[in-house]
Student: 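One structure, as structure tokens, below. Some questions next.
In what follows, chains carry the letters A, B, and so on, assigned in the order in which the sequence lines appear, proteins first and then strands, with residues in each chain numbered from 1.
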Amino acid sequence: MSEEKSLNFIEEIVEADLAGGRYKTIHTRFPPEPNGYLHIGHAKSICLNFGLANKYGGKTNLRFDDTNPVTEDTEYVDSIKADIKWLGFKWSNELYASDYFNKLYELAIDLIKKSLAYVDDSTSEEIADQKGTPTEPGKPNQYRNRTIEENLDLFAKMKAGAFKDGAKVLRAKIDLANPNMHLRDPIMYRIKQAHHHRTGDAWCIYPMYDFAHGQSDSIENITHSVCTLEFVPHRPLYDWYIEQLNIFPSHQYEFARLNLTYTIMSKRKLLQLVNEKLVDGWNDPRMPTIAGLRRRGYTPESIRMFCDKIGVQKRENLIDLSLLEFCIREDLNKNAVRRMVVLDPIKLVITNYPEGHTEEMEGENNPEAEDGGGSRIIPFTKELWIEREDFMEEPPKKFFRLGVGLMVRLKSAYIVKCTGFNKDEKGKVTEVLAEYFPESRSGHDTSGIVVKGTIHWVSVQHALNAEVRLYDRLFKVENPAVEEGDFKDYINPESLHVIENALIEPDLRKATFSERYQFIRKGYFVLDEDSSEEKIVFNRTVTLKDAWAKETKKGIGK
RNA sequence: UGUUGAAUAGUGUAACGGUAAGCAUACCAGUCUUUGACACUGGUGGUCCAGGUUCGAAUCCCGGUUCAACAACCA
């Protein structure tokens, strides 16, 4: 019945490898460097790596690529683990590149003994100079001819701490004229007198990415080492080390990283936003981090759905934020509890309703659920808060809300007809007057009146206060990464709008962190971690689609 | 001026020499509606360019164009 879903190119490779007997089972890994929080781009990689193993019955390791002690920290290790779990994936082994420091050191010695590595005393500038350019070959220096014995001795001294940072490096002896810059005697080890978050002060030499990653893959018997496109030029080096070392042949495959409109995906830039306090930490709800999306109210299901929809390919891409928004709406429409909240209130007085009387209205929790998701009680009284934008003194045609003479249904309650309004001395409307039709009560409507519009409301007497944070896109341009100048100049100054005193229906007092809410006609919301007994805080995850807003925008355009 | 990779509706992604080039989203129009939501219906819109091979090309070959990555003691 179900349509055959086509495979992505990596799945095709895996199926061919399995079918051809190259491997009996596959083994992938997710290898973050613990120097920042995971973002939605990592989610793509996580879904791919874990998804591959899940689909083909293999395993996925979580391996921290912690070979640079100066940028890494256990705070990041912890957040990364929490985020992967939250996304719904389980790793087979929790491993660290630093687990392999001894092994890697031995492999380096092996290369020295094979005359394939040497200690170089040049400064980083000298090395850069001698490397040439992509169009000009590099030149060897005097250190390239050191004897095996001398190299062995020097490398041992490097490890023992005999030299200062930068004084010497260990380099692979490959080909200074290779058109691929990565093969021009790449650095394998550098000296860093730095404290490592796991190995402490045991080491003062640390392997470079290229001398650690492939070997770590190999040690773990990773069959398919999947990474992003910028590592394509590293692949010959990845293969070279494995071949010269004669170790398990892991293979590297590359896919295009995720780019999303109106945001940035560079860890370096995200860190900058955090450090310069342009956002409220790594988990600011405007951040594209997993922690930020979680706080914003995104669900793991919605992010997985998104990753599934964007596919996996080798071409550069820039995905519409609207696709991510579609995914969360899709999920939340089915699962969010409906509640009424007035963000920008104006009072509605029902002049023919008895003073001091309260009626208990029943409102279904979720019309998308089979049974309506159950229901809750909503108190109805003579004075209600409604949304200021739901009343107009001079309503345009097709305005299905309130204006003198117009009728609407108050959601889950009565139909009312607007009879007038009052203004203050400045001309601002202070209250809207209406009459209700007693026989139009929701569920028992015998009035025969048909209205086009339904609006939400909250009883003045029963409403509670809450802070509501409305989030919008972090940047005002589609692709801040390619704009001229500083990316921070393109931050959207209106990315956060705080409503201090929104009026929420009383049932929301029971709001929980795990529940998701749809504030009827306003959007999807989630309780924020800043909430306390005294103060309720909601974050807007995403708005509802709003055809009327488009309509009015078009009107303005004319 | 080098190497490597990539070009299919606005965006993303299928089609593996034989489909009227499919799907999703976005957009437009309409139906429905006690959420101007959801749901449903219809629509606009595409193979980077030029040659060649072939009965037949998005797909193979050949030029060209455009974009991206690569010259960190970062990963």
Student: Any ion pair linking A:Asp217 and A:Arg63 (charged N to carboxylate O, less than 4.0 Å)?
Tutor: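 Salt bridge between A:Arg63 and A:Asp217, a charged N being under 4.0 Å from a carboxylate O: yes.
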
Student: Tell me whether the OP1 or OP2 atom of B:A71 has a side-chain N or O from A:Gln130 closer than 4.0 Å.
Tutor: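 For A:Gln130, the contact criterion (side-chain N or O under 4.0 Å from OP1 or OP2 of B:A71) is not met.
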
Student: Are the side chains of A:Arg401 and A:Leu406 in touch, meaning some heavy atoms are under 4.5 Å apart?
Tutor: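 A side-chain contact under 4.5 Å is absent here.
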
Student: Please report the distance separating the P of B:A37 from the corresponding atom of B:G51, rounded so that it comes out in whole Å.
Tutor: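 That atom pair is separated by 49 Å.
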
Student: Among B:U13, B:U25, B:A68, which nucleotide sits nearest the side chain of A:Arg315?
Tutor: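 Nearest nucleotide to the side chain: B:U13.
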
Student: I'd like to know whether the aromatic ring centres of A:Phe101 and A:Tyr206 sit less than 6.0 Å apart in this structure.
Tutor: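 So the answer is yes for these two rings.
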
Student: Just call it for A:Tyr189: base, sugar-phosphate, or nothing, with non-hydrogen atoms closer than 4.0 Å on any strand.
Tutor: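 Since no nucleic acid heavy atom lies under 4.0 Å of A:Tyr189, the category is nothing.
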
Student: Donor-acceptor pair under 3.5 Å: do we get one between A:His234's side chain and the base of B:A75?
Tutor: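 Under the 3.5 Å cut-off, the side chain and the base do form a donor-acceptor pair.
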
Student: Which nucleotide wins on minimum distance to the side chain of A:Glu230, given the candidates B:G36, B:A75, B:U8?
Tutor: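 Nearest nucleotide to the side chain: B:A75.
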
Student: When the P atoms of B:A68 and B:U11 are compared, how many Å lie between them, rounded to an integer?
Tutor: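 To the nearest whole Å, 15 Å.
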
Student: Under 4.0 Å between any heavy atoms, over every strand shown, what does A:Gly443 touch: base, sugar-phosphate, or nothing? Just pick one.
Tutor: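 Here A:Gly443 touches the bases of the nucleic acid.
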
Student: Which nucleotide, B:G2, B:C74, B:G10, lies nearest any side-chain atom of A:Met208?
Tutor: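 Given the options B:G2, B:C74, B:G10, the side chain of A:Met208 is closest to B:C74.
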
Student: Does any donor-acceptor pair link the side chain of A:Ser412 with the base of B:U34 at a separation under 3.5 Å?
Tutor: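 Answer is no: no donor-acceptor pair is held.
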
Student: With sequence neighbours left out, what residues match A:Asp210 under side-chain hydrogen bond (donor to acceptor under 3.5 Å, both in side chains)?
Tutor: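 A:His234.
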
Student: Hey, does the side chain of A:Arg235 reach the backbone of A:Tyr253 with a donor-acceptor pair shorter than 3.5 angstrom?
Tutor: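 Such a contact is absent between A:Arg235 side chain and A:Tyr253 backbone.
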
Student: Would A:Lys168 pass as a cation-pi partner of A:Phe163, given that its NZ or CZ must be under 6.0 Å from the six-membered ring centre and within 45 degrees of the axis?
Tutor: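 Yes, A:Lys168 sits over the ring of A:Phe163.
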
Student: Record whether the side chain of A:Arg521 comes under 3.5 Å of the base of B:U35 through a donor-acceptor pair of N or O atoms.
Tutor: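 Between B:U35 and A:Arg521, which were checked side chain against base, a qualifying N/O pair under 3.5 Å is absent.
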
Student: Taking B:G2 as the reference, what is the distance to B:G43 when you measure between their P atoms (whole Å, please)?
Tutor: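 B:G43 and B:G2 have their P atoms separated by 49 Å.
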
Student: Does the ring centre of A:Phe64 sit less than 6.0 Å away from the ring centre of A:Tyr96?
Tutor: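 Yes, they do, as the ring centres are separated by less than 6.0 Å.
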
Student: From the options B:A68, B:A14, B:A26, select the nucleotide whose nearest atom is closest to the side chain of A:Phe326.
Tutor: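 Nearest listed nucleotide: B:A26.
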
Student: With distance as the sole criterion, do the side chain of A:Arg235 and the base of B:U4 form a donor-acceptor contact below 3.5 Å?
Tutor: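 Answer no: no donor N or O sits under 3.5 Å from an acceptor.
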
Student: For A:Ile319 and A:Ala547, find the nucleotide of RNA chain B closest to each by heavy atoms; which residue's nucleotide sits nearer the 5' end?
Tutor: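 It is A:Ile319, whose closest nucleotide lies nearer the 5' terminus.
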
Student: Which nucleotide, B:U35, B:A69, B:U34, lies nearest any side-chain atom of A:Ile520?
Tutor: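 It is B:U35.
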
Student: Could you tell me whether A:Glu136 contacts a base, only the sugar-phosphate backbone, or nothing, with contacts defined as non-hydrogen atoms closer than 4.0 Å?
Tutor: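 The answer is nothing, as A:Glu136 stays clear of every strand by at least 4.0 Å.
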
Student: Distance check: side-chain N/O of A:Lys545 vs OP1/OP2 of B:A26, anything under 4.0 Å?
Tutor: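 Looking at the OP1 and OP2 atoms of B:A26, one of them is under 4.0 Å from a side-chain N or O of A:Lys545.
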
Student: Side chain of A:Lys411 only, heavy atoms from C-beta on: which candidate in B:G12, B:G36, B:U34 is closest?
Tutor: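 The nucleotide sitting nearest to the side chain is B:U34.
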
Student: Can you figure out which of B:U34, B:C70, B:A14 approaches the side chain of A:Gln313 most closely?
Tutor: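 When the side chain of A:Gln313 is considered, B:A14 is the closest of B:U34, B:C70, B:A14.
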
Student: Have a look at A:Asn180 and say if it touches a base, only the backbone sugar-phosphate, or nothing, with a 4.0 Å heavy-atom cut-off.
Tutor: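 Answer is nothing: A:Asn180 stays at 4.0 Å or more from every strand.
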
Student: Check for me whether the distance between the ring centres of A:Phe380 and A:Tyr436 falls short of 6.0 Å.
Tutor: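 Centroid separation for A:Phe380 and A:Tyr436: 6.0 Å or greater.
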
Student: Would a distance-only check, ignoring hydrogens and angles, find a side-chain to backbone donor-acceptor pair under 3.5 Å from A:Thr263 to A:Leu260?
Tutor: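 No; judged by distance alone, with no hydrogens or angles, the pair does not exist.
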
Student: Could you work out the separation of B:C38 and B:U33 based on their C1' atoms and round it to a whole Å?
Tutor: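 It works out to 9 Å between them.
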
Student: Any idea which of B:A68, B:G36, B:C70 is nearest the A:Glu316 side chain?
Tutor: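 Selected nucleotide (nearest to the side chain): B:A68.
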
Student: Between B:U34, B:G36, B:C74, which one does the side chain of A:Glu33 approach most closely?
Tutor: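 The answer is B:C74, which lies nearest to the side chain.
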
Student: Which nucleotide sits closest to the side chain of A:Ser322: B:U34, B:C38, B:U25?
Tutor: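 The closest nucleotide is B:U25.
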
Student: When Watson-Crick pairs (N1 to N3 and N6-O4 or O6-N4) and G-U wobble pairs (N1-O2 and O6-N3) count only below 3.5 Å on both distances, what is the dot-bracket string of RNA chain B, with | for other-strand pairs?
Tutor: .((((((..((((....[...)))).(((((.......)))))....((.((..]....)).)))))))).....

Student: Can you tell me how far P in B:C74 sits from the matching atom in B:C70, rounded to whole Å?
Tutor: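 The same atom, P, in both gives a distance of 16 Å.
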
